[in-house]
Amino acid sequence: MRISEILAKKQTFSFEIFPPKGDMPVQEALELCSKLALNEPDFISVTYSAGGSANSDNTSAIAGVLAEDLNLNPMAHLTCLDATKADVDSYLDALKQRGVDNVLALRGDPMPGKQHKDFTYASDLISYIKSTSPELAVGAACYLEGHIECEDFATSIEHLKIKADAGADFFVSQLFFENELFLRFREACDRARIKTPICLGIMPFTSVKQIQRMAFTCGASIPATVIKRLAAAGDDPMAQRIAGVRYACEQLRGLAAEGVDGLHVYVMNRPDVANATHDVLVDCGYLPA
Ligand code: FAD
């Protein structure tokens, strides 16, 4: 089902998975998603690895089996950095044949040796998909603190407006650790007359190393509360993971109270993360019991 149609009726709850590598990646994804399905997500998004890495071919296959075998509602990611229109056409055809109704249209991160071909920005891909595949719902990325390559927040909002005007049906946000950032972002969208629904992406932190990587790859700021929680967990990896899931649940509870369009959990292929976040959203009344 088109995510835009769901968002028109209700607040959504969804998960993101990244295709596992290995001998039977599709089978592994099926096993993972059959566990995630117990939480009745409105959709599950499947990441795409640009540049021919091991799992890029599996995104549409996994999204397809989620729809066909598990009766779940998948969204397949797609990056266009070095894609041609023909590449995009064949990817979209595969999605449509497999009963996938949703695609997340992304530019992808710049990589050495990769050159732009038919698309420069995600907005070009969004316009292209809207014109060639109007039956698909098209999502796009948004960044509550601005994209890492973009020097200031105001310009980032201008670029977001271009994606909204290109026809993005909804946005999914980059992870963030302070709910106040969402309030500032929502006000900026209102001022820019961006009315596109936003699904807010929440990722539990798992370790000091992981959170440092996040800060440098996507520019997310790390609040003192998070640093203190990690410090209190000390060197115990399990204590750090528990602290991360607990913090994500507190964030979700706070966001649920703000009247959001959707909450999207980066479950990192862990059913326990899906279960914990589901339970807290039931507890606060965001999801039905
Ligand atoms: P764009 O919207 O094109 O923006 C890229 C940069 O260009 C930004 O700095 C923007 O401000 C600037 N810009 C945009 N339009 C213009 C313009 N007209 N003129 C000048 N500058 C402009 N990556 C993957 O490889 N695989 C994934 O599966 C994946 N999933 C993601 C899911 C989510 C929810 C998010 C938030 C990100 C995801 N990414 C993924 C990462 C994403 O590919 C990177 O953040 C990438 O650097 C930017 O992609 P974009 O679609 O936001 O690009």
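Note that the numbering runs from 1 along the sequence shown for the chain.
In this structure, Arg253 pairs ionically with Asp283, as a charged nitrogen and a carboxylate oxygen lie closer than 4.0 Å.
When only modelled atom types and interatomic distance are considered, Ser45 and His77 share a side-chain donor-acceptor pair under 3.5 Å. For the residue pair Asn39 / Asn275, a side-chain donor-acceptor distance below 3.5 Å is found, with atom types taken as modelled. Side chains of Ser14 and His264: a donor on one and an acceptor on the other come within 3.5 Å.
Met203 and Phe177 get closest at one heavy-atom pair: O-CE2, 3.7 Å.
Going from atom OG1 of Thr277 over to atom CD of Gln251 covers 12.0 Å, rounded to the nearest 0.5 Å. The line from CD1 of Ile162 to OG of Ser123 is 6.0 Å long, rounded to the nearest 0.5 Å.
A cation-pi arrangement is not found for Arg229 relative to Phe205, the charged atom failing to lie both closer than 6.0 Å to the ring centre and inside a 45° cone about the ring normal.
Note on ring orientation: taking the six-membered ring where Trp is involved, the planes of Phe13 and His278 are tilted (angle from 30° to 60°). Aromatic ring pairs are classed by plane angle as parallel below 30°, tilted from 30° to 60° and perpendicular above 60°; the pair Phe119 and Tyr128 is perpendicular.
Ring centroid separation for the pair Phe176 and Phe182 does not come in under the 6.0 Å cut-off. In this structure, Tyr266 has its ring center no closer than 6.0 Å to that of Phe15.
Residue Arg246 places its CZ atom among 12 or fewer non-hydrogen atoms of other residues, nucleotides or ligands, all under 6.0 Å distant. Annotation for Glu149: atom CD counts as buried by contact number, over 12 foreign heavy atoms lying within 6.0 Å.
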